[in-house]
*Asks:* 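What follows is a single structure, and I will ask about it in a moment.
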Number of protein chains: 2
Amino acid sequence: MNTKSEEDYLKCLYHLQEGKSAVSTNEIAKYLSMKASSVSDMLKKLADKNLVNYLRYKGSTLTKKGELIALNIIRKHRLWETFLVEKLGISWSKVHFIAEQLEHVNSEELIEKLDYFLGHPDIDPHGDPIPKKNGTIATLNQKLLSELNVEEKGIITGVKKGTPSLLNYLDKQNIKLGNSIHLISKIEFDHSLEVKINNKKITLSEKICNNLLIEVSYG
Amino acid sequence: MNTKSEEDYLKCLYHLQEGKSAVSTNEIAKYLSMKASSVSDMLKKLADKNLVNYLRYKGSTLTKKGELIALNIIRKHRLWETFLVEKLGISWSKVHFIAEQLEHVNSEELIEKLDYFLGHPDIDPHGDPIPKKNGTIATLNQKLLSELNVEEKGIITGVKKGTPSLLNYLDKQNIKLGNSIHLISKIEFDHSLEVKINNKKITLSEKICNNLLIEVSYG
DNA sequence: ATTAATTTTTAGACAAGGCTAAAAATTTTA
DNA sequence: TAAAATTTTTAGCCTTGTCTAAAAATTAAT
């Protein structure tokens with residue numbers, strides 16, 4: 001088994017390496033709120049364990065083995081978030097912090113039974129796909145709201161980052177995943193957007209639009 | 001907040017101090033599979049935090065503050081065990097190990113919502129009372145089966161220690177908490193007991209009888 | 001293409017929480 | 001009640017995972 005700390009690094013690497021060919025030590029340090037020197041040490045350790053490809057001064061990536069572990073932690077995190085929202089009724093703005101702790105609990109039976117109890121969910125409360133036991137993970141077809149063209153329509157299917165203040169704002173506006181959205185016009189001055197959500201007109205700031213993920217409806 | 005390690009000591013002290021006026025360093029060491037020297041160190045630390053009354057060479061007890069923390073951890077442990085058995089269908093012989101991890105997850109809202117979700121249970125799957133949020137805990141009126149007199153009747157309400165092999169044996173014999181029991185006779189030679197459980201006759205070894213808790217039916 | 005700035009690594013320190021070995025206190029035994 | 005045995009504590013060491021400061025490598029700028 002790996003320590004909580006090692007698991008945090010692997011998960012971090014998974015999130016940061018998406019798209020990129022390598023992740024810099026500094027990026028990891030920033031993401032985990034640690035010093036680059038600490039990160040450097042840990043990367044060496046993870047490389048020794050064959051979980052990370054680490055080239056001095058050149059950045060790191062997960063090995064296949066490391067990626068599978070990372071995906072398993074993400075699976076646990078997202079299943080727990082689903083449980084906390086769906087079964088316990090905890091706000092989607094608060095579950096991340098709790099799931100950060102629960103994801104390190106080590107019991108395969110627990111996770112498989114939890115998955116069954118939840119009905120094998122594909123998507124967590126923030127719209128992120130839940131990796132399967134074997135490490136496969138769905139890729140969703142979604143765009144940032146800010147990248148939509150005027151008159152395009154779609155469904156709100158996720159948030160880019162589940163910052164509590166964003167989620168609380170969406171709650172207050174009664175905006176939920178699954179709601180339909182229709183881009184009416186772009187305001188040039190401040191890059192805010194006029195949209196219709198569930199047929200109700202509303203203006204969303206640039207920052208909001210940069211964090212809402214939309215599945216565009218074609219045809 | 002306290003560390004996982006500190007929490008383990010407090011919980012251990014709670015379990016060991018029952019009845020006694022003080023708990024020796026060695027007892028704690030044995031219970032936690034550690035060396036007495038390590039325990040000595042930690043007791044000093046917990047005494048500094050005002051969680052433990054510690055007198056050099058004279059043993060330790062929990063302070064009121066320490067006891068409340070211990071009870072809270074036990075509350076979490078037993079609520080989680082209830083969840084694992086009742087909702088996820090995990091065997092009562094396996095939940096202790098998992099709950100040992102879950103009990104250290106820190107979120108008051110999580111525990112209160114879990115308690116609500118479970119219907120505010122009073123008793124965990126092994127028959128132990130679940131402390132309330134304020135630290136109160138029920139005292140149950142139960143005796144060891146081995147202490148019953150011939151012809152006494154009652155209900156099986158708990159196990160003294162949830163050792164997996166005991167629990168698996170009970171499963172195999174289809175003996176469950178809540179079953180009625182009637183002591184038919186005592187076998188002098190090996191101290192085993194002939195009993196009727198749910199009106200079916202069965203012989204239970206001395207060791208089993210020393211671990212089954214019975215609520216005796218009077219009148 | 002050097003120099004300057006930045007990033008990364010190395011070296012050494014520290015706290016937590018274990019351990020072993022030795023010293024001190026207590027308890028048991030004769 | 002004095003010696004022996006046991007328990008407990010102290011002292012010092014180790015590992016994990018963090019940090020700071022300094023050195024080394026890379027990248028950017030003039």
*Asks:* Looking at Asp122(A) and Lys132(A), is there a salt bridge between them, counting it only when a charged N and a carboxylate O are closer than 4.0 Å?
*Replies:*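 Yes, this pair counts.
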
*Asks:* Taking only the side-chain nitrogens and oxygens of Tyr9(B), find out if one of them lies under 4.0 Å from OP1 or OP2 of dG18(C).
*Replies:*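 Yes, Tyr9(B) has a side-chain N/O under 4.0 Å of OP1/OP2 on dG18(C).
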
*Asks:* Just one of Arg75(A), Arg78(A), Lys11(A), Lys4(A) clears the salt bridge (charged side-chain N to carboxylate O under 4.0 Å, His left out) bar with Glu103(A), so which one?
*Replies:*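 The passing option is Lys11(A).
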
*Asks:* So which of residues 46-54 of chain B are in contact with DNA chain C, with a heavy-atom cut-off of under 4.0 Å?
*Replies:*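 Per residue number, the list is empty: none.
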
*Asks:* Is the shortest side-chain N/O distance from Ser40(B) to OP1 or OP2 of dT9(D) below 4.0 Å?
*Replies:*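 So the side-chain polar atoms of Ser40(B) do come within 4.0 Å of the phosphate oxygens OP1 or OP2 of dT9(D), strictly under.
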
*Asks:* Send over the distance from Lys4(B) NZ to dA16(C) C1', rounded to a whole Å.
*Replies:*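 Value for this atom pair: 14 Å.
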
*Asks:* Rounding to a whole Å, what distance do you find between Leu32(B):CG and dC19(C):P?
*Replies:*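 Distance, rounded to whole Å: 10 Å.
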
*Asks:* Would you find a donor on one side and an acceptor on the other, under 3.5 Å apart, between the side chain of Glu81(A) and the backbone of Pro125(A)?
*Replies:*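 No, the answer is negative, given that no donor and acceptor are paired below the 3.5 Å cut-off.
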
*Asks:* For Ser165(B), is there any backbone N or O sitting under 3.5 Å from a side-chain donor or acceptor partner on Thr163(B)?
*Replies:*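 Checking the backbone N and O of Ser165(B) against the side chain of Thr163(B), no donor-acceptor pair under 3.5 Å is found.
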
*Asks:* Within this structure, what is the CG-to-P distance between Asp41(B) and dA16(C), rounded to whole angstrom?
*Replies:*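 Result: 12 Å.
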
*Asks:* Please report, rounded to the nearest Å, how far the C1' atom of dC19(D) is from the CE atom of Met34(A).
*Replies:*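 Roughly 11 Å, once rounded to whole Å.
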
*Asks:* Leu55(B) has an atom CG; how far is it from atom P of dT26(C), in whole Å?
*Replies:*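 Leu55(B) atom CG is separated from dT26(C) atom P by 11 Å.
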
*Asks:* Does dA21(D) have its OP1 or OP2 closer than 4.0 Å to a side-chain nitrogen or oxygen of Ser37(A)?
*Replies:*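 Looking at the OP1 and OP2 atoms of dA21(D), neither is under 4.0 Å from any side-chain N or O of Ser37(A).
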
*Asks:* Among Ile156(A), Leu204(A), Ile208(A), which one satisfies side-chain contact (heavy atoms from CB on, under 4.5 Å) with Val195(A)?
*Replies:*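 The option that passes is Leu204(A).
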
*Asks:* Give the residues of residues 17-29 of chain A touching DNA chain D, defined as any heavy atom closer than 4.0 Å, sorted by residue number.
*Replies:*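 Those residues whose heavy atoms fall under 4.0 Å from DNA chain D, taken from residues 17-29 of chain A, amount to none.
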
*Asks:* Using the side-chain heavy atoms of Lys35(B), tell me which of these nucleotides is nearest: dT9(D), dT20(C), dC19(D).
*Replies:*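 When the side chain of Lys35(B) is considered, dT20(C) is the closest of dT9(D), dT20(C), dC19(D).
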
*Asks:* What is the separation between atom CG on Leu43(A) and atom P on dT7(C), rounded to the nearest whole Å?
*Replies:*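 These atoms are roughly 16 Å apart.
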
*Asks:* Check whether any side-chain nitrogen or oxygen of Arg56(B) sits under 4.0 Å from OP1 or OP2 of dT10(D), and answer yes or no.
*Replies:*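 Result: yes.
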
*Asks:* Look at the aromatic rings of Trp80(A) and Phe83(B) and report parallel, tilted or perpendicular, splitting at 30° and 60°.
*Replies:*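 The arrangement is tilted - the two ring planes meet at 30° to 60°.
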
*Asks:* Taking only the side-chain nitrogens and oxygens of Lys58(A), find out if one of them lies under 4.0 Å from OP1 or OP2 of dT8(C).
*Replies:*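 Negative; the distance criterion is not met.
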
*Asks:* Between Asn168(B) (side chain) and Pro164(B) (backbone), is there a donor-acceptor pair under 3.5 Å?
*Replies:*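 Confirmed, Asn168(B) side chain pairs with Pro164(B) backbone.
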
*Asks:* Among Asp8(A), Asn106(A), Ile73(A), Leu51(A), whose side-chain contact (heavy atoms from CB on, under 4.5 Å) with Asn2(A) holds?
*Replies:*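 For Asn2(A), the side-chain contact (heavy atoms from CB on, under 4.5 Å) test succeeds with only one of Asp8(A), Asn106(A), Ile73(A), Leu51(A), which is Leu51(A).
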
*Asks:* Among His15(A), His104(A), His96(A), exactly one meets ring pair (Phe, Tyr, Trp, His ring centres under 6.0 Å) together with His77(A). Which residue is that?
*Replies:*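 Going through the options one by one, the only one that passes is His96(A).
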
*Asks:* Select from Tyr57(A) and Thr3(A) the residue whose nearest nucleotide in DNA chain D is closer to the 5' end of that strand.
*Replies:*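 Taking each residue's closest nucleotide, the earlier one in sequence belongs to Thr3(A).
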
